[in-house]
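Note that the coordinates shown come from a computational prediction; the quantities given were computed from them, not determined experimentally. Note that these values count all heavy atoms, side chains included, but never hydrogens, waters or copies made by symmetry.
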Amino acid sequence: MSESKKTPRSNADKQKRFRDRQRAAGKKQVRGYVSPEALSCYEEIQEKTGWSDSEVLSNSLRLMYAAYRCGQVKLLNEWLKDHKR
């Protein structure tokens, strides 16, 4: 019985240490931990579009799926690199 109590506590400790390391690295949790550069892009998207967090996620997934279906993922990645995104 002491084994079952020990496992969740150690897992929670691992998660807390991970979150602390991410915060120490300057990353903020949005839907996952993102770098400051990614966060500025995320905020720019929200500002320009007026989309909520869930709309940004939904539309970005739709965009990536459409690029995948049309074989344009490489083109999308190149555009992001060219524009330093």
Could you give the side-chain donor-acceptor pairs of residues 54-61 under 3.5 Å, partners two or more places apart or in another chain?
residue, atom, partner, partner atom, Å
Ser54, OG, Ser52, OG, 3.3
Glu55, OE1, Ser52, N, 2.8
Glu55, OE1, Ser52, OG, 3.4
Asn59, ND2, Glu55, O, 3.2
Ser60, OG, Val56, O, 3.0
Ser60, OG, Leu57, O, 2.8

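A salt bridge links Arg23 to Asp20: at least one charged side-chain nitrogen sits closer than 4.0 Å to a carboxylate oxygen.
Once rounded to the nearest 0.5 Å, the distance linking CG of Asn11 with CD of Gln15 reads 4.5 Å. Once rounded to the nearest 0.5 Å, the distance linking CZ of Arg17 with OG of Ser10 reads 8.5 Å. Lys74 contributes atom NZ, which lies 5.5 Å from atom CD of Glu78 (distance to the nearest 0.5 angstrom).
Across Gly26 and Pro36, no two heavy atoms sit closer than the pair O-CG, 3.4 Å.
One hydrophobic cluster, built from ILVMFWY side chains closer than 4.5 Å, cannot hold both Leu75 and Trp79; they sit in different ones.
Residues Val73 and Leu76 have side chains not in contact (no heavy-atom distance under 4.5 Å, counting atoms from C-beta outward).
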